[in-house]
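Below is one structure, written out as structure tokens, with a few remarks after it.
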There are 2 protein chains.
Amino acid sequence: MPKTLTAHHGLEIWRRALTGSVRGEGPDLTARQMALMLTVYLTPQPHTVRGLAASLNVSKPAITRAIDRLSQLDYVRRKPDEADRRSVLLQRTVRGSVFLRDFGEQIARAAKSLEG
Amino acid sequence: MPKTLTAHHGLEIWRRALTGSVRGEGPDLTARQMALMLTVYLTPQPHTVRGLAASLNVSKPAITRAIDRLSQLDYVRRKPDEADRRSVLLQRTVRGSVFLRDFGEQIARAAKSLEG
DNA sequence: GGCGATCGTTTCGTTGGCGGATCGAGGCTA
DNA sequence: TAGCCTCGATCCGCCAACGAAACGATCGCC
């Protein structure tokens with residue numbers, strides 16, 4: 001359990017993790033795409049386009065496009081809502097889980113290398 | 001001083017800070033632009049285009065473009081290197097410092113709200 | 001002084017994200 | 001069943017970022 005992460009410390013962790021991500025070979029996602037990923041994987045289901053648009057304060061087409069990109073990477077999948085066929089629910093994928101797990105470990109490593 | 005920030009915890013902090021940033025009214029910087037900002041402000045001077053290109057593993061034109069964008073926001077300034085007129089050094093600005101300070105506090109807040 | 005190397009920038013064509021408007025599919029109510 | 005609403009997707013023109021190549025300016029060296 002972290003204890004009062006300071007702003008400066010947070011920035012330094014952010015720098016290391018982000019730099020690693022930029023340097024790396026992984027796909028480079030926009031801030032919105034990344035925010036969408038994190039929202040889908042870390043907040044309670046279900047996730048719809050309109051819900052995400054409201055949650056991220058972004059237009060619906062922007063969400064559709066982000067999903068296009070992420071599903072083409074197989075980081076997320078569309079699943080029609082059987083209860084309301086107008087809606088589309090987002091499903092997590094193994095590949096997306098792996099991507100986020102790796103990213104999370106990168107953050108943890110950055111934090112750890114700052115200790116002591 | 002943080003103590004063993006877990007991957008999951010790190011992701012959750014990342015989600016909250018990034019979502020806040022996406023929702024907010026600030027300029028949305030690309031991952032590269034943000035990485036450039038953090039490198040300039042958090043690592044030792046001086047910073048040159050080629051140095052940043054190597055550090056971020058990115059092409060020089062990409063760095064030039066990122067600097068164009070950031071200097072137009074007055075987050076960074078170009079200063080000719082008097083010792084080697086071919087080089088350009090990057091200077092920090094007040095506005096950039098404020099931007100990063102706010103962002104750092106957003107991270108700190110996200111971390112704090114996870115405690116306990 | 002001449003010449004190759006190195007600096008950051010510019011140009012070029014391409015790709016991809018953007019908001020706003022609009023669409024067709026589907027749901028809801030009477 | 002008719003009319004209206006809401007859903008996500010698509011179309012449109014625009015703008016920003018991309019890599020590769022070429023450029024002018026400047027340096028280091030002989």
Side-chain angles (χ1 to χ4, degrees), chain A residues 18-19 21-40 45-92, chain B residues 18-19 21-40 45-92:
Chain A
L18 186 59
T19 298
S21 169
V22 167
R23 284 191 59 90
E25 301 176 350
D28 39 318
L29 305 181
T30 67
R32 291 180 175 187
Q33 288 163 359
M34 192 61 180
L36 178 46
M37 273 296 283
L38 291 165
T39 301
V40 168
Q45 314 235 25
H47 298 287
T48 63
V49 172
R50 69 186 177 289
L52 291 162
S55 168
L56 297 179
N57 195 30
V58 153
S59 70
K60 282 193 300 175
I63 299 293
T64 293
R65 281 187 299 259
I67 297 174
D68 287 345
R69 169 83 170 126
L70 294 177
S71 67
Q72 139 190 358
L73 290 168
D74 195 30
Y75 282 0
V76 115
R77 248 180 238 131
R78 286 183 169 94
K79 177 180 182 342
D81 182 349
E82 296 302 334
D84 182 346
R85 307 288 294 267
R86 294 170 304 177
S87 288
V88 165
L89 304 181
L90 293 190
Q91 287 189 316
R92 302 164 187 164
Chain B
L18 185 59
T19 299
S21 169
V22 167
R23 286 191 58 91
E25 302 175 349
D28 38 316
L29 305 180
T30 67
R32 290 180 175 185
Q33 288 162 359
M34 192 62 180
L36 178 46
M37 273 295 284
L38 290 165
T39 301
V40 168
Q45 314 238 24
H47 298 286
T48 64
V49 171
R50 71 188 174 287
L52 291 162
S55 168
L56 299 179
N57 195 31
V58 153
S59 69
K60 283 193 301 172
I63 299 294
T64 293
R65 283 187 298 260
I67 297 174
D68 287 345
R69 168 83 170 127
L70 294 177
S71 66
Q72 137 191 1
L73 289 169
D74 195 30
Y75 282 0
V76 114
R77 249 181 237 127
R78 286 182 169 93
K79 177 180 181 350
D81 182 349
E82 295 303 333
D84 182 348
R85 307 289 293 267
R86 295 171 303 178
S87 289
V88 164
L89 305 181
L90 292 191
Q91 287 189 317
R92 303 164 186 164

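What you see is a predicted model, and the numbers here were worked out from it, not measured in a lab. To find a chain, count down the sequence lines: A is the first, B the second, and so on, and within it residues start at 1.
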Rounded to whole angstroms, how far apart are [atom1] on [X] and [atom2] on [N]?
X	N	atom1	atom2	value
Asp81(B)	dA25(D)	CG	P	19 Å
His47(A)	dC7(D)	NE2	C1'	18 Å
Asn57(B)	dG19(D)	CG	C1'	13 Å
Leu89(A)	dA9(D)	CG	P	11 Å

Arg69(B) side-chain N/O to dA17(D) phosphate OP1/OP2 under 4.0 Å: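 So the side chain of Arg69(B) is within the cut-off, an N or O lying under 4.0 Å from OP1 or OP2 of dA17(D).
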Val76(A) vs Val40(A), side chain to side chain contact (heavy atoms under 4.5 Å, CB included): CA-CA, chis, key distance, verdict: CA-CA 8 Å; Val76(A) 115; Val40(A) 168; 4.1 Å; yes
Intermediate values then yes/no, side chain to side chain contact (heavy atoms under 4.5 Å, CB included), Leu38(A) and Thr19(B): CA-CA 9 Å; Leu38(A) 291 165; Thr19(B) 299; 5.9 Å; no
Arg69(A) side chain reached by Pro27(A) side chain, heavy atoms, under 4.5 Å: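 In contact.
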Check: Leu89(A) and Thr48(A) side chains under 4.5 Å, non-hydrogen atoms: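 Yes. Closest side-chain heavy atoms under 4.5 Å.
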Drop me the distance from [X]'s [atom1] to [Y]'s [atom2], to the nearest 0.5 angstrom.
X	Y	atom1	atom2	answer
Arg32(B)	Leu52(B)	CZ	CG	13.0 Å
Ser21(A)	Met34(B)	OG	CE	13.0 Å
Arg77(A)	Leu90(A)	CZ	CG	12.0 Å
Leu70(A)	Gln33(A)	CG	CD	5.5 Å

For nucleotides 7-11 of chain C, list the nitrogen or oxygen atoms of the protein found under 3.5 Å from its nitrogen or oxygen atoms, one pair per line.
{"residue": "dC7(C)", "atom": "OP1", "partner": "Arg50(B)", "partner atom": "NE", "Å": "3.0"}
{"residue": "dC7(C)", "atom": "O3'", "partner": "Arg50(B)", "partner atom": "NH1", "Å": "3.1"}
{"residue": "dG8(C)", "atom": "OP1", "partner": "Val49(B)", "partner atom": "N", "Å": "3.0"}
{"residue": "dG8(C)", "atom": "OP1", "partner": "Arg50(B)", "partner atom": "NH1", "Å": "3.1"}
{"residue": "dG8(C)", "atom": "OP2", "partner": "Arg50(B)", "partner atom": "N", "Å": "3.0"}
{"residue": "dG8(C)", "atom": "N7", "partner": "Lys60(B)", "partner atom": "NZ", "Å": "2.6"}
{"residue": "dT9(C)", "atom": "OP1", "partner": "Arg78(B)", "partner atom": "NE", "Å": "2.5"}
{"residue": "dT9(C)", "atom": "OP1", "partner": "Arg78(B)", "partner atom": "NH2", "Å": "3.4"}
{"residue": "dT9(C)", "atom": "OP2", "partner": "Thr64(B)", "partner atom": "OG1", "Å": "2.8"}

Along DNA chain C (nearest heavy atom to each residue), the more 5'-positioned of Ser59(A) and Arg85(A):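 It is Ser59(A), whose closest nucleotide lies nearer the 5' terminus.
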Any residue of residues 22-40 of chain B with a heavy atom less than 4.0 Å from an atom of DNA chain D: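 Going residue by residue through residues 22-40 of chain B, the ones with a heavy atom under 4.0 Å of DNA chain D turn out to be Thr30(B), Arg32(B), Gln33(B).
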